Amino acid sequence: MRIFKNKYLIIIGVAIISLASCKKDVIATYDVNDVDIEDKSLIKDRSKSNKQFISILYTTLHQKAISSNQLIRTERVIESFGDKALINEVIVSNYMNNGNVVMPTNDEMRTDLDSFITDTYKLFFVRIPTEIEKAFFVNYIEANPNITPELVYTAFASADEYQFY
Amino acid sequence: MERREFVKKVGLTAAGSAAFPYILPSGRLFAKTNAELADHVIYVLFAGGVRQQESVLQQYLSGSQGVDIGGNIMYNMFNGTAPDKKIVYGTTPTNEPTGSLPIPKLLTNTLQSQGLLFPEVEAVNGGHYGGLNSLLTGSRSTAQGLKVRPNSPTIFEYLRRHRGFKASDVWFVGSGIGNSFPLLNSSNHEMYGTEYGANFVAPSITFGNEGLDVLSNAKVYHPDEELEPIQKMREFLNNSFRIKNGEVQGIRNGEDEKENIKKFVREMFTKKQTGGLARPPAGSSGDLNTLAYAAEVMKYFKPKITVVNLTNVDGCHGNFSGYLRSLHRADHGVGWLWDYIQKEIPEMAGKTIMLATPECGRNLNPNPIQDENDWYGYDHSGDANTRRVWSLMAGPNVPSNMIVGSESNQIGLTTDNVLTVADIFGVKDAVLNAGFVNPGSKSLFDRI
């Protein structure tokens with residue numbers, strides 16, 4: 001009989017502890033705005049048409065619009081080649097060689113690398129770089145004295161992300 | 001063996017069998033089953049719509065204009081004597097009638113005498129795009145829309161996937177960018193697609209005035225100090241993008257292949273400026289220009305397969321004399337290309353099979369349009385004559401001086417060509433097993 005008495009006591013004790021510990025979570029607020037941790041601007045799933053790509057590229061690099069004649073000629077050249085990424089690289093390189101590309105000097109780039117990288121991401125990808133991306137470019141450019149704004153611009157203009165919006 | 005162990009072993013074997021084909025580095029899905037017949041293939045889409053009467057049947061004007069003059073105007077490809085009257089198909093000497101001087105024969109032995117001729121083949125499609133599709137996919141292309149990639153896998157994709165060729169091994173040299181030609185380098189098939197597509201180039205534009213303006217001033221970056229950092233930064237950017245958006249689709253060459261192709265592009269502009277481009281003796285316009293650049297592509301890359309598309313004979317809709325001239329030039333260009341491979345590309349000489357077929361024929365009866373000689377034009381609107389073409393093949397392991405079929409005994413389909421090329425590279429069974437080739441198609445070697 002004593003055993004049964006102890007058993008009841010244990011059950012009642014457990015029930016009390018359980019009830020006492022079942023408290024609803026309190027959602028703490030700290031007067032900080034909610035921030036999406038996933039950068040939606042990184043999701044670009046629509047491919048630019050050849051026409052869009054060329055007119056945006058030209059404007060990005062020259063800070064002025066491409067003429068319609070030049071746009072059509074360039075579009076036809078892109079169509080005439082199977083590997084679009086490859087031919088786009090050649091076109092970018094052709095622009096770089098014509099001397100009319102508007103970009104910071106090497107000194108300006110190295111004076112404020114953080115700003116240069118952020119501006120470059122905004123210019124080409126229309127978004128702010130993540131901290132990882134910024135860290136990569138700061139480290140890479142600092143470690144490689146041969147890197148010029150032209151090389152950085154060439155990499156951005158020929159990157160996959162620049163083909164999408 | 002205990003049941004549990006048996007089930008485990010069967011499961012592992014099944015999983016291994018399913019996964020194994022996909023993990024081969026070449027991407028090959030099925031084992032190679034045949035020995036290769038040649039190291040390289042040049043596949044000429046003798047396209048534009050070619051009547052049997054003026055080509056393989058050698059009727060010149062007798063089969064079309066009611067003028068009783070026959071003869072062979074394609075004497076580099078076919079055996080036969082040239083017409084001796086009313087010559088309009090040649091070049092035009094000063095103060096002489098248009099086209100009155102035939103282009104001299106280039107090949108001592110015709111391709112027919114060197115190889116295998118199927119003089120009466122069924123074209124499975126009477127239109128340009130459908131016909132070209134069937135030549136490249138081996139399917140009937142009955143549901144094929146314009147301005148979209150082929151529905152069925154192309155020979156390029158079969159070879160890259162099952163034979164493991166890299167992108168720069170596989171070239172499609174097109175006559176232009178109209179008529180959806182640039183889309184023919186790959187299908188949109190989910191099992192194949194652009195990942196296995198060919199490098200496409202339309203030389204009249206890429207290396208023409210437009211290309212000169214847009215591409216020829218491209219910078220040459222120092223490989224270590226400039227190119228490598230560009231590639232590293234781009235790789236980082238592409239990896240970041242790939243994490244969120246997946247693999248970007250499209251024909252892709254490896255970094256080394258890309259730099260090599262850029263070098264080729266530069267070389268073409270340099271050769272153009274210095275007059276060093278390979279050229280057929282009769283000139284370099286239209287189809288001859290396309291064939292000349294196909295020769296440059298072959299000389300530079302030594303591709304496993306080069307497909308070249310011709311189109312000028314389609315002028316037959318409104319200019320029969322011009323059609324005869326185009327046919328004569330296409331024959332000259334094909335003969336020159338064959339000769340060029342044997343003499344100027346030692347890596348491919350004696351190791352290359354050439355295959356040529358029109359994508360469709362043309363009507364038996366003319367349309368009402370007359371040209372400068374009052375000769376009538378011919379369309380290709382799908383009558384029985386439109387479905388009649390020929391196939392010609394020459395090279396190692398191809399029987400010489402052999403004819404299979406005749407005007408009264410049609411043997412072969414235009415869809416045979418895909419299996420023929422697959423047969424040459426030893427992957428015929430893999431292509432057949434994929435299940436997309438027109439039923440009833442065979443390798444031409446199996447039709448002999």
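Here the structure is a predicted model, which is why all the values come from computation and not from measurement.
Heavy-atom distances place both the backbone and the side chain of A/Ala159 under 4.5 Å from chain B. The contact between A/Asp83 and chain B is made by backbone and side chain atoms together, counting heavy-atom distances below 4.5 Å. Using a 4.5 Å cut-off between heavy atoms, B/Thr194 makes no contact with chain A at all. Residue contact with chain B, scored on non-hydrogen atoms closer than 4.5 Å, involves the side chain of A/Phe137 exclusively. At a 4.5 Å heavy-atom cutoff, the contact between A/Val152 and chain B is made by backbone and side-chain atoms alike. Heavy-atom distances place no part of A/Tyr153 under 4.5 Å from chain B, backbone and side chain included. For a residue to count as touching a neighbouring chain, one of its non-hydrogen atoms must lie under 4.5 Å from one of that chain's; by this rule B/Phe181 does not touch chain A.
Aromatic ring centres of A/Tyr140 and B/Phe236: separated by at least 6.0 Å.
With rounding to the nearest 0.5 angstrom, the CD1 atom of A/Ile78 is 9.0 Å from the CG atom of B/Leu215. Atoms NZ and OG1, from B/Lys219 and A/Thr154 in turn, are 7.5 Å apart once rounded to the nearest 0.5 Å.
The heavy-atom pair separating A/Gly82 from B/Asn185 by the smallest distance is CA-ND2, 4.0 Å. In this structure, A/Gln70 and B/Asp213 approach most closely via the heavy-atom pair OE1-OD2, 3.2 Å. What you find for A/Asp160 and B/Arg252 is that their closest heavy atoms are OD1-NH2, 3.0 Å. Annotation for A/Ala155 and B/Leu237: closest pair O-CD1, 3.8 Å, computed over non-hydrogen atoms. Nearest heavy atom pair, residue A/Leu151 against residue B/Glu225, reads CD1-O, 4.0 Å. Looking at every heavy atom in both residues, A/Phe136 comes nearest to B/Lys232 through CZ-O, 4.4 Å.
Counted within 6.0 Å of CD1 on A/Ile132, heavy atoms from surrounding residues, nucleotides or ligands total 12 or fewer; the atom is thus considered open. The environment of B/Asp256 atom CG is sparse: at most 12 non-hydrogen atoms of other residues, nucleotides or ligands sit within 6.0 angstrom.
The contact list for residues 93-105 of chain A toward chain B, using heavy atoms and a distance under 4.5 Å, reads A/Ser93, A/Asn94, A/Met96, A/Asn97, A/Asn98 by residue number.
Counting heavy atoms from C-beta outward, A/Phe164 and B/Phe241 have side chains that approach closer than 4.5 Å. When side chains are defined from C-beta on, B/Pro229 counts as touching A/Ile147, because their heavy atoms get closer than 4.5 Å.
Screening A/Ile87, A/Leu86, A/Val90 for a side-chain contact (heavy atoms from CB on, under 4.5 Å) with B/Ile261, the sole residue that qualifies is A/Leu86.
Applying the salt bridge (charged side-chain N to carboxylate O under 4.0 Å, His left out) test to A/Glu75 and every residue at least two apart in sequence or in another chain returns A/Lys51.
Per-residue heavy-atom pair counts under 4.5 Å with chain A were compared for B/Leu183, B/Asn217, B/Asn199, and the maximum is reached by B/Asn217. For the set A/Glu89, A/Glu150, A/Gln163, the count of heavy-atom pairs under 4.5 angstrom toward chain B peaks at A/Glu89.
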Determine whether A/Arg73 and B/Asn209 satisfy the following criterion, side-chain contact (heavy atoms from CB on, under 4.5 Å), listing intermediate values before the conclusion. CA-CA 9 Å; A/Arg73 289 168 81 81; B/Asn209 290 336; 4.2 Å; yes
